[in-house]
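Structure first, commentary second.
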Amino acid sequence: ADLVKRGVDVRLLHASAPSGPMTRSLARAKPLRARMKMCPRVHLKMIAIDGASLYLGSANFTGAGLGAKGDGRRNFEMGVVTDDDVLLDAAQARFDRIWRGKECASCKLYDLCPSPIAKRGERG
């Protein structure tokens, strides 16, 4: 929410409805809600910052995934931070294809998707 207020372009792809705490947090940050898209196929975990820094990892944005749970209740996660231009470009291109609905045409879940990113006729 603070980043959005400062004019940072924040986009979130997610596979299912956010958790209760995340939903309440998003309700307080109304501008952020418009920058979220749901795709049931999304399983990637990445954060790209200004085309200059990239995090790729296994952690879901949950208490257990981010280490907020107590000792013995945290997941074992791993991630990598890099400024490698080739990896940044590839990761951002993949994110953008999903964000724009370019992956919807080949998705076998399209007809079951509760809110397809690309509408019929826009697919591909």
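Scanning for salt bridge (charged side-chain N to carboxylate O under 4.0 Å, His left out) contacts around Asp50 gives an empty result, with sequence neighbours left out. Listed by chain and residue number, Gln92 satisfy the side-chain contact (heavy atoms from CB on, under 4.5 Å) test with Asp89 (two or more places apart in sequence, or in another chain). Remark: Leu109 pairs with Pro40, Arg41, Cys107, Leu112 by the side-chain contact (heavy atoms from CB on, under 4.5 Å) rule, at least two apart or across chains.
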Please table the atom pairs, donor to acceptor, closer than 3.5 Å between any side-chain atom in residues 77-88 and protein atoms at least two apart or in another chain.
from  : atom 1 : to    : atom 2 : distance (Å)
Glu77 : OE1    : Ser58 : OG     : 2.5
Glu77 : OE1    : Ala59 : N      : 3.2
Glu77 : OE2    : Asn75 : ND2    : 3.3
Thr82 : OG1    : Asp84 : N      : 3.0
Asp84 : OD2    : Val86 : N      : 3.2
Asp84 : OD2    : Leu87 : N      : 2.7

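Residues Pro116 and Tyr110 share a closest heavy-atom pair of CB-CE1, 3.3 Å.
In this structure, Arg11 and Met36 have side chains that are not in contact, with every pair of non-hydrogen atoms separated by 4.5 Å or more.
With rounding to the nearest 0.5 Å, the separation of CD1 in Ile117 from SG in Cys39 is 5.0 Å.
Judged purely by atom type and a 3.5 angstrom limit, Lys37 has no side-chain atom pairing as donor or acceptor with the backbone of Leu13. When atom types are taken as modelled, the side chain of Arg97 and the backbone of Lys102 share a donor-acceptor pair closer than 3.5 angstrom. Between the side chain of Tyr55 and the main chain of Lys45, no donor-acceptor pair closer than 3.5 Å is present.
Hydrophobic clustering keeps Met38 apart from Ile98 (ILVMFWY residues linked when any side-chain heavy atoms are closer than 4.5 Å, directly or through intermediates). In the hydrophobic clustering of this structure, Leu54 groups with Phe95; members are Ile, Leu, Val, Met, Phe, Trp, Tyr whose side-chain heavy atoms approach within less than 4.5 Å, directly or through other members.
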